[in-house]
Asks: 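This is the structure I have questions about; it appears just below.
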Amino acid sequence: MRIEIDYLAKILEIFLEADLAHIAITDFPNLGVDIFNDDGLDEKFLFHLQIAIENGLISNRDMYVNGLKSIGITLGAGSGVSLTPIPIRLTQKGHDFANALHNKEVLKKLKSELKDAPFKTIFDGSQKLLEHFLKKKLDALLSEDS
């Protein structure tokens with residue numbers, strides 16, 4: 001399975017739009033991301049959530065993650081899944097990435113130019129692109145004051 005930048009952005013957006021410091025995995029369906037399908041836990045959701053965890057974008061309230069169980073997902077035999085409402089959050093790195101993906105210009109460039117790149121390149125590219133676009137805005141603001 002390949003990383004779908006749009007889908008990962010949608011997952012991270014849930015954290016940005018939350019009114020609380022923490023949300024739970026059990027909140028996702030009510031916040032616009034379906035996590036189950038007819039076969040059980042949605043593989044696309046699971047894949048992208050694991051990518052977010054592996055890359056340090058999400059942690060639990062104690063700022064720790066050691067697998068799915070530490071954020072409230074227990075996988076059983078077959079398609080058995082148990083969800084526990086453990087408070088989870090975006091890390092600072094997660095916020096940086098989510099904010100970059102929230103910028104439509106950055107997201108468009110990542111999808112067109114870096115869609116098959118390794119995650120580290122996508123992340124680093126998102127930060128450099130956001131910095132570039134923000135620098136252009138800042139330069140325009142500074143030239144208005146002159």
Asks: Roughly how far, to the nearest 0.5 Å, is the CG atom of L8 from the CD1 atom of I5?
Replies: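 If I round to the nearest 0.5 Å, the distance is 8.5 Å.
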
Asks: Quick one: closest heavy-atom pair of G125 and L110, and the distance?
Replies: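 Scanning both residues completely, I find the closest heavy atoms to be C-CD2, 4.2 Å.
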
Asks: Hey, does I71 have a side-chain heavy atom less than 4.5 Å from the side chain of I86?
Replies: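 Of all side-chain heavy-atom pairs linking I71 with I86, none is under 4.5 Å.
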
Asks: Please check: side-chain N/O of K93 versus main-chain N/O of N55, any donor-acceptor pairing under 3.5 Å?
Replies: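 Yes: the side chain of K93 pairs with the backbone of N55.
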
Asks: Relative to the ring of F28, is the ring of F45 parallel (under 30°), tilted (30 to 60°) or perpendicular (over 60°)?
Replies: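 Judged by the thresholds at 30° and 60°, the geometry between F45 and F28 is perpendicular.
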
Asks: Report yes if some heavy atom in the side chain of I73 is under 4.5 Å from a heavy atom in the side chain of L83; otherwise report no.
Replies: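 SC-SC contact between I73 and L83 confirmed.
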
Asks: Does E54 form a side chain to side chain contact (heavy atoms under 4.5 Å, CB included) with F119? I'd like the steps, not just the answer.
Replies: CA-CA 10 Å; E54 285 176 325; F119 184 84; over 6 Å; no

Asks: Report yes if the side chains of H95 and L16 come closer than 4.5 Å at any heavy-atom pair, otherwise no.
Replies: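 H95 reaches L16 side chain to side chain.
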
Asks: Applying the side-chain hydrogen bond (donor to acceptor under 3.5 Å, both in side chains) criterion to Y64, which one of D62, N60, N66 satisfies it?
Replies: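 Answer to the side-chain hydrogen bond (donor to acceptor under 3.5 Å, both in side chains) test with Y64 among D62, N60, N66: N66.
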
Asks: Can you tell me how far the CG atom of L49 sits from the CG atom of L57, to the nearest 0.5 Å?
Replies: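 So the CG of L49 and the CG of L57 are separated by 10.0 Å.
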
Asks: With side chains defined as the heavy atoms from C-beta onward, is the minimum distance between K109 and E105 less than 4.5 Å?
Replies: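 Not in contact.
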
Asks: Nearest heavy-atom pair of L114 and I122: which atoms, and what distance?
Replies: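 Nearest pair, atom of L114 first, then I122: O-CG1, 3.6 Å.
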
Asks: Can you tell me how far the CG atom of D6 sits from the NE2 atom of H48, to the nearest 0.5 Å?
Replies: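 Those atoms lie 9.5 Å apart.
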
Asks: NE2/H102 to CD/E17 distance, rounded to the nearest 0.5 angstrom?
Replies: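 Spacing of NE2 (H102) from CD (E17) equals 6.0 Å.
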
Asks: What I'd like to find out is whether the side chain of D96 reaches to under 4.5 Å of the side chain of L130, using heavy atoms alone.
Replies: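 No, side chains not in contact.
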
Asks: Picking from L107, V106, N99, what satisfies side chain to side chain contact (heavy atoms under 4.5 Å, CB included) with S126?
Replies: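 It is V106, the one option of L107, V106, N99 that forms the side chain to side chain contact (heavy atoms under 4.5 Å, CB included) with S126.
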
Asks: Examine distances only and state if a side-chain atom of N37 and a backbone atom of D39 form a donor-acceptor pair shorter than 3.5 Å.
Replies: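 The answer is yes, because a donor-acceptor pair under 3.5 Å joins these two groups.
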
Asks: At what distance, to the nearest 0.5 angstrom, does CG of L41 lie from CZ of F47?
Replies: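 Reported value, rounded in 0.5 Å steps: 14.0 Å.
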
Asks: Over all heavy atoms of both residues, which pair between Y7 and D34 is shortest? Give the atoms and the distance, please.
Replies: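 Closest approach of Y7 to D34: OH-O, 3.9 Å.
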
Asks: Grab the two heavy atoms, one from T26 and one from P85, that are nearest each other, plus how far apart they are.
Replies: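 Looks like OG1-CB, 3.5 Å.
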
Asks: Measure from the side-chain N and O atoms of N103 to the backbone N and O of A100, and report whether any donor-acceptor pair falls under 3.5 Å.
Replies: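 Flag not set: sc N103 to bb A100 has no pair under 3.5 Å.
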
Asks: Looking only at non-hydrogen atoms, find the nearest pair between P87 and H22 and report the distance.
Replies: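 Looking at all heavy atoms of both residues, the closest pair is CB-CB, 3.6 Å.
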
Asks: Nearest 0.5 angstrom please: I51 CD1 to R2 CZ, how far?
Replies: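 Separation between the atoms: 12.5 Å.
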
Asks: Any donor-acceptor pair under 3.5 Å linking the side chain of S59 with the backbone of T91?
Replies: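 No.
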
Asks: Salt bridge or not between K128 and D124? Use side-chain N to carboxylate O under 4.0 Å.
Replies: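 Salt bridge flag = no for D124 with K128.
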
Asks: How far apart are the C-alpha atoms of I35 and D42, what are their side-chain angles, what is the distance that settles it, and do they pass the side chain to side chain contact (heavy atoms under 4.5 Å, CB included) test?
Replies: CA-CA 5 Å; I35 63 175; D42 184 78; 5.6 Å; no

Asks: Using a 4.5 Å cut-off on heavy atoms from C-beta on, say whether the side chain of L90 contacts that of I58.
Replies: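 Result yes, sub-4.5 Å side-chain heavy-atom pair found.
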
Asks: Would you say the side chain of L68 lies within less than 4.5 Å of the side chain of Q50, judging by non-hydrogen atoms?
Replies: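 Answer yes - side chains close enough.
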
Asks: Over all heavy atoms of both residues, which pair between E43 and M1 is shortest? Give the atoms and the distance, please.
Replies: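 Taking every non-hydrogen atom into account, O-SD, 4.0 Å.
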
Asks: With a 4.0 Å cut-off, would you call D139 and K135 a salt bridge?
Replies: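 A salt bridge is present here (some side-chain N lies under 4.0 Å from a carboxylate O).
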
Asks: Take H132 and K136, measure what side chain to side chain contact (heavy atoms under 4.5 Å, CB included) needs, and give me the verdict at the end.
Replies: CA-CA 6 Å; H132 173 74; K136 284 173 41 179; 3.5 Å; yes

